[in-house]
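The structure appears below as structure tokens.
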Amino acid sequence: MSRAISAVKGMNDLLPTDVARWRALESTIREVVRLHGYREIRVPVIEHTQLYVRSVGEGTDIVDKEMYSFVFHDEPMTVRPEGTAGVVRAYVEHGLHAKEPVSRLYYEGPMFRGERPARGRYGQFYQAGCEVFGDPGPLVDAEMIDMIVGLLRRLGITDVEVLLNSLGGKGTKARYRERLVEYLEPHKDALSEDSKRRLTTNPLRILDSKDPRDQKVIASAPSVLDVIGDDDRAHFDGLRRHLDKLGTPYTVEPRLVRGLDYYSRTLFEVRGRGGELGAQNTLVGGGRYDGLVEELGGPPTPAIGFAAGLERLLLATSVAPAKDQPEVFVAPLGERAMGEALALARELREAGVPTLVEGRGGSLKSMLRRANALGSTIAMVIGDGEVDRGVVQLKDLAAHAQRDVPRAEVVSAVTEAVRGGSTG
RNA sequence: GUGGCCGUAGAUCAGCUGGUAGAUCACCGGAUUGUGGCUCCGGUUGUCGCGGGUUCGAAUCCCGUCGGUCACCCCA
């Protein structure tokens with residue numbers, strides 16, 4: 001074990017035990033999303049850097065300092081830091097808008113950001129997300145938020161809060177930004193160092209600063225909700241009405257802003273309140289991005305989407321993984337039995353029964369110990385005696401029962417036992 | 001990127017103010033020439049994260065570095 005190569009910082013392995021939980025989580029998400037009419041789309045992990053610069057936006061931390069970018073054959077490329085941009089690109093590139101009036105897309109996969117890793121936040125992390133194109137809302141907005149809350153509930157994550165805000169339409173964001181800077185400028189000296197810098201780069205971010213100095217100033221800052229247009233207000237009110245009707249709880253948080261530039265109008269975030277999440281308690285983030293499709297070369301198309309952080313859901317969830325251990329453990333004793341065991345295992349597998357053969361030899365005791373440790377339901381012992389008599393010893397591990405079964409009847413006896421329970 | 005804490009067998013950890021490493025679990029074998037979950041016995045496993053320094057001597061002290069973790073930052 002000399003000079004072993006370790007994983008890259010922030011990247012981590014998911015061992016089989018972990019993966020069992022992941023699969024349980026993913027299948028729940030897929031099911032919920034399917035019930036809402038979403039269909040999965042798979043897009044590349046690598047895109048032109050420009051895609052993210054134009055969508056996520058310059059001045060955002062993601063683009064400015066967190067992207068895994070490289071130049072390949074003189075082309076600036078980036079390993080995706082988030083999912084929406086790529087999906088929008090695909091939507092435009094394949095002219096989906098011309099094929100169906102509304103597209104409901106689901107995606108899932110690894111994202112990459114060069115941040116300092118912490119619990120619930122990694123350089124390579126996984127997101128599942130949905131995007132709806134072609135529906136201006138606000139009904140879909142409400143439906144999406146409600147779906148997320150329902151999904152979390154199915155995952156056993158109930159201690160959450162939904163934060164809701166509106167960033168207004170096209171012009172309002174810039175207008176509010178101006179208004180905010182106007183307000184903050186005179187208080188500049190009272191702000192934290194970070195926020196002084198943000199005043200020019202990304203003033204909206206100052207709103208959710210945790211620094212007490214900033215909070216003091218922010219407390220009486222103008223609210224976006226006072227600046228949004230009448231249409232935006234109507235949209236926001238409509239969304240709230242739908243949520244109220246559904247009984248889906250939410251909190252209006254005018255200071256909620258998100259890290260990406262493309263958002264407009266509806267903005268939401270779901271935070272977990274369980275202690276296991278620490279400061280990384282944002283489980284889901286999303287919002288409307290009505291201008292992005294056009295921005296990326298498509299026709300004007302309203303759109304909304306969200307992304308959920310899978311490792312964070314996993315920290316908060318109580319979903320139990322399905323059993324993935326072999327049902328049958330074959331313990332051969334001796335040379336002749338080995339060959340017989342292998343053939344038998346193949347038959348069982350063809351019949352759909354997960355089977356493992358102990359090929360390392362060893363004592364029967366140790367083999368049975370292993371069968372038990374693996375959680376197998378049936379152990380099959382084959383020795384010279386069994387081979388000579390044309391039988392196999394079938395042990396029901398839970399019932400401590402065993403009997404000889406003629407070689408020809410083994411498969412049916414096993415499938416029966418596996419489905420039915422006892423072997424009699 | 002900034003600051004705090006941590007880094008010892010596969011896993012969880014002990015090792016006090018420096019004298020070249022231990023427990024438990026796991027794993028392997030045995031206690032009935034071929035029968036498991038409990039029990040008992042025995043056994044394997046470590047460049048004490050890495051590099052340098054102080055010292056007769058360092059897992060133990062100092063510096064650096066890498067990794068993890070917590071808070072900030074940011075975000076999923």
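So that the names make sense, note that chain A is the first sequence line, chain B the second, and so on, each numbered from 1. Bear in mind that the values here come from a model prediction, so they are computed numbers and not experimental data.
- Remark: the A:Gln280 side chain and the B:A71 base include no donor-acceptor N/O pair separated by less than 3.5 Å.
- At whole-Å resolution of the value, CG in A:Asp208 and P in B:A76 are 11 Å apart.
- The side chain of A:Lys210 contributes an N or O atom lying less than 4.0 Å from OP1 or OP2 of B:C72.
- A donor-acceptor contact under 3.5 Å links the side chain of A:Arg312 to the base of B:C75.
- Looking at heavy-atom distances under 4.0 Å, A:Phe112 makes no contact with the nucleic acid at all.
- Between A:Asp61 atom CG and B:G1 atom P there is a gap of 14 Å when expressed in whole angstrom units.
- Under 3.5 Å, the side chain of A:Lys365 and the base of B:U35 form no donor-acceptor pair of N or O atoms.
- A salt bridge is defined here as a Lys NZ or Arg NE, NH1 or NH2 lying under 4.0 Å from an Asp or Glu carboxylate O, and A:Arg104 with A:Asp135 fails to meet this definition.
- The CZ-C1' distance, from A:Arg116 to B:G4, rounds to 10 Å in whole Å.
- Judged by distance alone, with hydrogens and angles left aside, A:Glu386 brings a side-chain donor or acceptor within reach of the base of B:G34, the pair sitting under 3.5 Å.
- Atom CG of A:Leu207 is separated from atom P of B:C73 by 13 Å (rounded to the nearest Å).
- A:Glu115 places its CD atom 13 Å from the P atom of B:G68, with the value rounded to the nearest Å.
- A:Glu193 has a carboxylate O that lies under 4.0 Å from a charged side-chain N of A:Lys196, or vice versa, which qualifies the two as a salt bridge.
- In this pair, A:Phe306 and A:Phe268 present their aromatic rings tilted. The plane angle is within the 30 to 60° band.
- Residue A:Gly129 is out of contact with every strand shown, counting any heavy-atom pair closer than 4.0 Å.
- Distance A:Arg369 CZ to B:C40 C1': 11 Å, rounded to the nearest Å.
- Checked against B:U35, B:G36, B:A76, the side chain of A:Gln393 finds its nearest nucleotide in B:U35.
- Where A:Leu310 and A:Arg119 each meet RNA chain B at their nearest nucleotide, the meeting point lying more 5' is that of A:Arg119.
- Taking the side chain of A:Arg113 as heavy atoms from C-beta on, and the options B:A76, B:G34, B:A31, the nearest nucleotide is B:A76.
- With rounding to whole Å, A:Phe329 atom CZ is found 16 Å from B:U35 atom P.
- More than 12 heavy atoms of other residues, nucleotides or ligands shown are found within 6.0 angstrom of CD on A:Glu347.
- Contact of A:Arg360 with B:G29 (side chain to base): no donor-acceptor pair of N or O atoms is detected under 3.5 Å.
- Look at A:Thr282 and you won't find any side-chain N or O under 4.0 angstrom from OP1 or OP2 of B:C75.
- A:Gly10 comes within 4.0 angstrom of the backbone, heavy atoms only, and of no base.
- One can place CG of A:Leu277 at 13 Å from C1' of B:C75, the figure rounded to the nearest angstrom.
- A:Ala307 comes within contact range of the sugar-phosphate backbone alone, with a heavy-atom separation under 4.0 Å but no base atom that close.
- Heavy atoms of A:Thr60 sit nowhere under 4.0 angstrom from any nucleic acid atom.
- Counting non-hydrogen atoms under 4.0 angstrom, A:Leu283 reaches the backbone sugars and phosphates but no base.
- A search for side-chain hydrogen bond (donor to acceptor under 3.5 Å, both in side chains) contacts involving A:Asp232 returns A:Arg265, not counting sequence neighbours.
- When only modelled atom types and interatomic distance are considered, A:Tyr126 and A:Gln124 share a side-chain donor-acceptor pair under 3.5 Å.
- Taking the side chain of A:Glu311 as heavy atoms from C-beta on, and the options B:A76, B:A71, B:G29, the nearest nucleotide is B:A76.
- For the OP1/OP2 pair of B:G30 and a distance below 4.0 Å, the side-chain nitrogens and oxygens of A:Ser363 include at least one atom meeting the criterion.
- At a cut-off of 3.5 angstrom, the base of B:C73 holds at least one donor-acceptor pair with the side chain of A:Arg121.
- Proximity note for A:Pro117 (side chain, C-beta onward) versus B:A71, B:U35, B:U69: the nearest is B:U69.
- Counting any heavy atom pair closer than 4.0 Å across all strands shown, A:Asp211 reaches sugar-phosphate atoms only and no base atom.
- Listed candidates were B:A76, B:C70, B:A31. Nearest to the side chain of A:Gln127 is B:A76.
- For CZ of A:Arg389, the number of neighbouring non-hydrogen atoms (other residues, nucleotides, ligands) closer than 6.0 Å is greater than 12.
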